[in-house]
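Note: hydrogens, waters and symmetry copies are ignored here, and every other heavy atom, side chains too, is used.
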Number of protein chains: 2
Amino acid sequence: MQQDRPEESEAIVEPERFNQARAAQSMAILEDYVEMIGDLIGEFGEARITDIAQRMGVTHPTATKAVSRLKREGLAISRPYRGVFLTDEGAAMAELVRARHRTVVDLLVAIGVPAETAELDAEGMEHHVSDVTLKAFEAFLERATSVSDTIEEAPRKG
Amino acid sequence: MQQDRPEESEAIVEPERFNQARAAQSMAILEDYVEMIGDLIGEFGEARITDIAQRMGVTHPTATKAVSRLKREGLAISRPYRGVFLTDEGAAMAELVRARHRTVVDLLVAIGVPAETAELDAEGMEHHVSDVTLKAFEAFLERATSVSDTIEEAPRKG
DNA sequence: CCGCAAGTGAAGCCTTGGCAACACTTCTGT
DNA sequence: ACAGAAGTGTTGCCAAGGCTTCACTTGCGG
């Protein structure tokens, strides 16, 4: 019953994608928090633990712990009983994450996914979208947009 | 500096997508193991802990623990020092996961993502693709396929 | 048939990301 | 000015998913 085991090369390549997926996962929450803190600072001028916790749907100790990790990673700073702020690095990450999120949502919508579903699914998917894939998404959207312009604007003008 | 806080409705809806993403994440590893076990059974007639561990890129105790969880969830069965097998439920899940994986990879490729990158990114993304989105992917692929048929076959026939 | 290598299991540890409970600050209204 | 409410921090707990180490079965070769 036992056939030959896969070649060495296969055996080594296979697990890599799982390792990569796991690595992406460990960044995912950090990215979510950074983006959220960026949003809050944009809206209120500061990000408070309670607000972060509420928006992330977790309790405040969980948010505190996450912020600790962000500080350890050099993405955020904070002083006791004061708000949380992003470092330059953190702000840059927030911007990238936000842009990627938009692109993923736009792509899903362009593919034909309902906007609300796109928003929900993008939240989980976005963290696994590599730079290469992101570029492909952008290129596709550009093509799709010009096509829909042709279709939608022609009658309007006519 | 402090503006008004968001409306109640926003405050409640916001966290939902994170909760959903987290729930998907907790299923992700289960799905990966189930699919992998299905693959191994298909190839060798049985799935052994060592092989599962090797393919997943983890040590064997980790695989053992994962299998324990699968058994607890009713997706797999096993006896000490014997292989691991899927229940009907587990086999059904494996099939769904496999099909979804293929669809996601195909979609990425259709969008213009290099095959190898598509494979890597799909591994992480697939677990966050809802049924609605999957349906949209399938519909898009059907359209894209017929279009490329038109483009590719026309010159061939001419 | 018996011993040793490979495979498996079990225990214990780490980190992460949740939680609740409790302690302490800050802020606010009287 | 101060008491209570709201916000924040701390501590300790849990489960999951990693790991290493060690013990035990299995199964195969001599």
Side-chain angles (χ1 to χ4, degrees), chain A residues 1-2 5 11 15-16 18-34 36-37 40 44-73 75-85 123-124 127, chain B residues 1-2 4-5 11 15-16 18-34 36-37 40 44 46-73 75-85 123-124 127:
Chain A
M1 182 60 71
Q2 298 283 112
R5 286 295 184 257
E16 266 319 298
F18 293 105
N19 290 329
Q20 176 166 323
R22 280 192 287 270
Q25 177 52 31
S26 83
M27 283 299 305
I29 290 196
L30 250 45
E31 292 178 345
D32 283 339
Y33 275 97
V34 163
M36 184 60 69
I37 291 169
L40 287 167
F44 307 121
E46 67 173 357
R48 292 153 70 221
I49 288 288
T50 298
D51 293 336
I52 297 169
Q54 181 179 322
R55 292 238 186 153
M56 294 297 297
V58 299
T59 57
H60 85 267
T62 299
T64 300
K65 210 186 284 190
V67 168
S68 299
R69 198 174 157 210
L70 291 182
K71 288 165 72 173
R72 204 199 318 150
E73 306 269 343
L75 297 168
I77 54 176
S78 76
R79 297 204 326 281
Y81 297 100
R82 296 300 166 217
V84 179
F85 299 91
E123 190 54 54
H127 302 291
Chain B
M1 184 61 69
Q2 297 284 113
D4 285 327
R5 287 295 181 257
E16 267 319 300
F18 292 105
N19 289 329
Q20 177 165 323
R22 279 193 288 270
Q25 177 52 31
S26 83
M27 283 300 305
I29 290 196
L30 252 44
E31 292 178 345
D32 283 338
Y33 275 97
V34 163
M36 185 59 70
I37 290 169
L40 287 168
F44 306 122
E46 66 173 358
R48 292 154 69 221
I49 287 289
T50 298
D51 294 336
I52 297 171
Q54 181 180 320
R55 292 239 185 153
M56 295 297 297
V58 298
T59 56
H60 85 266
T62 300
T64 301
K65 208 186 284 190
V67 169
S68 299
R69 198 175 156 206
L70 291 182
K71 288 164 72 173
R72 202 199 320 149
E73 306 269 344
L75 296 168
I77 53 176
S78 76
R79 296 203 328 280
Y81 296 99
R82 296 297 165 216
V84 179
F85 299 91
E123 189 55 53
H127 303 290

Just checking Phe18(A): base, sugar-phosphate only, or nothing, at a heavy-atom cut-off of under 4.0 Å?
nothing
How would you give the extent of chain A contacts on DNA chain D, as first and last nucleotide 5' to 3' within a 4.0 Å heavy-atom cut-off?
dG7(D) to dG18(D)
5' priority, DNA chain C, between Arg82(A) and Ile49(B) [closest heavy atom]
Ile49(B)
Applying side chain to side chain donor-acceptor pair (under 3.5 Å) to Glu31(B) and not counting sequence neighbours gives Arg100(B), His127(B)
Give Thr50(B) one of three labels, base, sugar-phosphate or nothing, depending on what nucleic acid heavy atoms sit under 4.0 Å from its own.
sugar-phosphate
Side chain to side chain contact (heavy atoms under 4.5 Å, CB included) with Phe85(B): which residues, sequence neighbours excluded?
Ile41(B), Glu46(B), Ile77(B)
Tell me, which of residues 20-28 of chain A have any heavy atom that sits under 4.0 Å from an atom in DNA chain D?
Arg22(A)
Can you give the dot-bracket line for DNA chain C, using ( ) for pairs inside the strand, [ ] for pairs that cross earlier ones, | for pairs with another strand and . for unpaired bases, where Watson-Crick and G-U count if both distances are under 3.5 Å?
||||||||||||||||||||||||||||||
Atom CD1 in Ile29(B), atom CZ in Arg22(A): separation rounded to 0.5 Å?
6.5 Å
Output the distance between atom OG1 (Thr50(A)) and atom CZ (Arg55(A)), rounded to the nearest 0.5 Å.
13.0 Å
What's the spacing between Ile49(B) CD1 and Gln54(B) CD if we round to 0.5 Å?
13.0 Å
Spacing of Met36(B) atom CE and Phe18(A) atom CZ [to the nearest 0.5 Å]:
3.5 Å
Min and max contacting nt of DNA chain C in 5' to 3' order, chain B heavy atoms within under 4.0 angstrom, are dG7(C) to dG18(C)
Decide yes or no for Tyr33(B) and Val58(B): does some side-chain heavy atom of the first lie under 4.5 Å from some side-chain heavy atom of the second?
yes
Measuring only between side-chain heavy atoms, which start at C-beta, is Asp32(B) closer than 4.5 Å to Glu123(B)?
yes
Once you round to the nearest 0.5 Å, how far does CG of Leu70(A) lie from CG of Leu30(A)?
5.0 Å
On DNA chain C, nearest-nucleotide positions of Leu30(A) versus Pro80(A): which is more 5'?
Leu30(A)
How far does CZ of Phe44(A) sit from CG of Asp51(A), to the nearest 0.5 angstrom?
6.0 Å
Per the under-4.0 Å heavy-atom filter, residues of residues 60-67 of chain A near DNA chain C come out as Pro61(A), Thr62(A), Lys65(A)
Residues 60-68 of chain A side chain polar contacts: donor-acceptor under 3.5 Å, at least two apart:
from: Thr62(A); atom 1: OG1; to: Thr59(A); atom 2: OG1; distance (Å): 3.4
from: Thr64(A); atom 1: OG1; to: His60(A); atom 2: O; distance (Å): 2.9
from: Ser68(A); atom 1: OG; to: Thr64(A); atom 2: O; distance (Å): 3.0

